Number of protein chains: 2
Amino acid sequence: MAQKPTAKASILDAYERAVIENGERAATLEAVAADAGVSKGGLLYHFGSKNDLVAGLVERMDELAEADLGALRVAPEGIVRRFIRSSVDVDTTFDHTYIALTRLAQSGLHPEATDALTRVESGWRDLIATEVSDPAVARLVLLVSDGLYYNSALWPGVERGTGTDEVEGVINALDDLIRARSH
Amino acid sequence: MAQKPTAKASILDAYERAVIENGERAATLEAVAADAGVSKGGLLYHFGSKNDLVAGLVERMDELAEADLGALRVAPEGIVRRFIRSSVDVDTTFDHTYIALTRLAQSGLHPEATDALTRVESGWRDLIATEVSDPAVARLVLLVSDGLYYNSALWPGVERGTGTDEVEGVINALDDLIRARSH
DNA sequence: GTCTATACATGGATAGAC
DNA sequence: GTCTATCCATGTATAGAC
């Protein structure tokens, strides 16, 4: 049920891509259909409306989030390090969906998108709390991650000075803080 | 030249409000005109096109940013403390314009909005660098601020657990870090 | 300086052929 | 399952009256 390399999946991919690259407004049925290699009518056979596309993305997000949390939970380097690192990595399946939903949420037209993101963030929050006892630091970790996502969501494709190596510095700084505060 | 309580200003206000509250897509000429108390035609007399509205916002942003940096520079509590605190305060003239531009930037249709935000962030970066010597920590401070803005921009009106008092904890944590790293 | 009327384009969605 | 044709709503922008 989760693994169909069908037209449906590639339409969803195209929608995701369109939203990320050109914004929700530009992600018209026609544009998405063209990118997915079908016609408007063809698209509408699989997704009866634009809202259905959003719903499809939400569903995908929930599945990916579950997997993401699972991987995070068993990350050998620790939850926080892995978490922050993965926040820069904007080129995974997870990130694509997450960023697309971020855009949709901001459009104000899709409360379901906002809800899905809230669920994800809530999962992260709980997990981080298991590793970081100080609530202020835990909050700080989440804010840094949000900041990283915000950056990549806002300046798509633009290298904005938060490269992977620079993030290592940030991670180390957070580490110092966590150690200093854990007594 | 900067102080006209004219229709032009109130139209710009209405546009800003519309973008923040309902997203860029809902900020149609008609909706903005209605909110500003003029007709579509009336609006278009002052702003010949939708792009002119965006340009007006960008101009406003540049003016406000200058004032903001000035205030930050002489903040008695220090630049970082003031900076982070003001990132939660989403109810100033500055924040309204900033958040509206954030939304516009994400729509992908207004590069000028992205540019304006880049200028603002660049001003902040430079200023923070004068107070925080460690580049990783300086970057962290910016990311936290971005995170806070992202939160308020994404969940408008929603109390998302980052209240003013909780932010004090975050500020103190950052303070610890700055002190620990400044030798 | 502000309004009404209207032209024009575009996007979402339906109907029905293949 | 996918396409074409078409309808309808909405949004931007222009023209011209007041």
Side-chain angles (χ1 to χ4, degrees), chain A residues 1 3-58 100-101 103-113, chain B residues 1 3-58 100-101 103-113:
Chain A
M1 192 195 230
Q3 208 68 331
K4 285 181 196 166
T6 28
K8 206 162 170 171
S10 61
I11 288 172
L12 212 49
D13 287 345
Y15 180 57
E16 207 173 78
R17 228 174 299 139
V19 171
I20 292 176
E21 283 167 19
N22 303 315
E24 92 93 15
R25 198 165 185 173
T28 66
L29 296 184
E30 201 156 69
V32 172
D35 188 25
V38 295
S39 73
K40 228 196 277 198
L43 185 159
L44 284 165
Y45 169 77
H46 295 288
F47 297 92
S49 74
K50 227 178 169 198
N51 274 334
D52 280 8
L53 279 172
V54 179
L57 227 53
V58 167
L101 280 176
R103 295 284 185 89
L104 293 176
Q106 298 227 359
S107 78
L109 302 168
H110 308 287
E112 333 112 69
Chain B
M1 193 196 234
Q3 207 68 332
K4 284 182 196 165
T6 29
K8 206 164 170 168
S10 60
I11 288 172
L12 211 51
D13 287 343
Y15 180 57
E16 210 174 75
R17 229 173 299 139
V19 171
I20 292 177
E21 283 167 18
N22 304 315
E24 93 94 14
R25 197 164 187 176
T28 66
L29 296 185
E30 200 154 71
V32 173
D35 188 25
V38 294
S39 73
K40 230 195 272 199
L43 186 159
L44 284 164
Y45 169 77
H46 294 289
F47 296 92
S49 75
K50 226 176 170 199
N51 274 334
D52 280 8
L53 279 171
V54 179
L57 228 52
V58 167
L101 279 175
R103 296 282 185 89
L104 293 175
Q106 299 226 358
S107 80
L109 303 167
H110 307 287
E112 334 111 70

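Note that the structure is a prediction, hence the values are computed from the model and not measured. Lettering follows sequence order; numbering is per chain, from 1.
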Subject >> Whole-Å distance separating the CZ atom of B:Phe47 from the C1' atom of D:dG11 >> reply: 19 Å

Subject >> B:Val32 side chain near B:Arg17 side chain, heavy-atom distance below 4.5 Å >> reply: no

Subject >> Side chains of A:Leu101 and A:Leu104 in contact at under 4.5 Å (non-hydrogen atoms) >> reply: yes

Original post:
Any side-chain heavy atom of A:Lys8 within less than 4.5 Å of one from A:Leu12?
Top reply: no

Original post:
In whole Å, what is the span from the NZ atom of B:Lys8 to the P atom of C:dT2?
Top reply: 12 Å

**OP:** Nearest whole angstrom, please: distance from the P of D:dT10 to the CG of B:Asn22.
**Re:** 16 Å

**OP:** Please tell me if the side chains of A:Leu43 and A:Tyr15 come closer than 4.5 Å, counting only heavy atoms from C-beta onward.
**Re:** no

**OP:** Output yes when at least one side-chain N/O atom of A:Tyr45 is less than 4.0 Å from OP1 or OP2 of D:dT2, else no.
**Re:** no

**OP:** Find the distance A:His46:NE2 to D:dG1:P and express it as a whole number of Å.
**Re:** 7 Å

Original post:
Roughly, in whole Å, what's the span from CD in B:Glu24 to C1' in D:dT12?
Top reply: 13 Å

Subject >> Side-chain ion pair, A:Glu24 and A:Arg103, N-O less than 4.0 Å >> reply: no

Original post:
Which heavy-atom pair separates B:Ala31 from B:Ala26 by the least distance, and what is that distance?
Top reply: CB-O, 3.7 Å

What N/O pairs connect the protein and nucleotides 12-18 of chain C at under 3.5 Å? Give each pair on its own line.
from	atom 1	to	atom 2	distance (Å)
C:dG12	OP1	A:Lys50	NZ	2.8
C:dG12	OP2	A:Leu29	N	2.8
C:dG12	N7	A:Lys40	NZ	3.3
C:dA13	OP2	A:Lys50	N	3.0

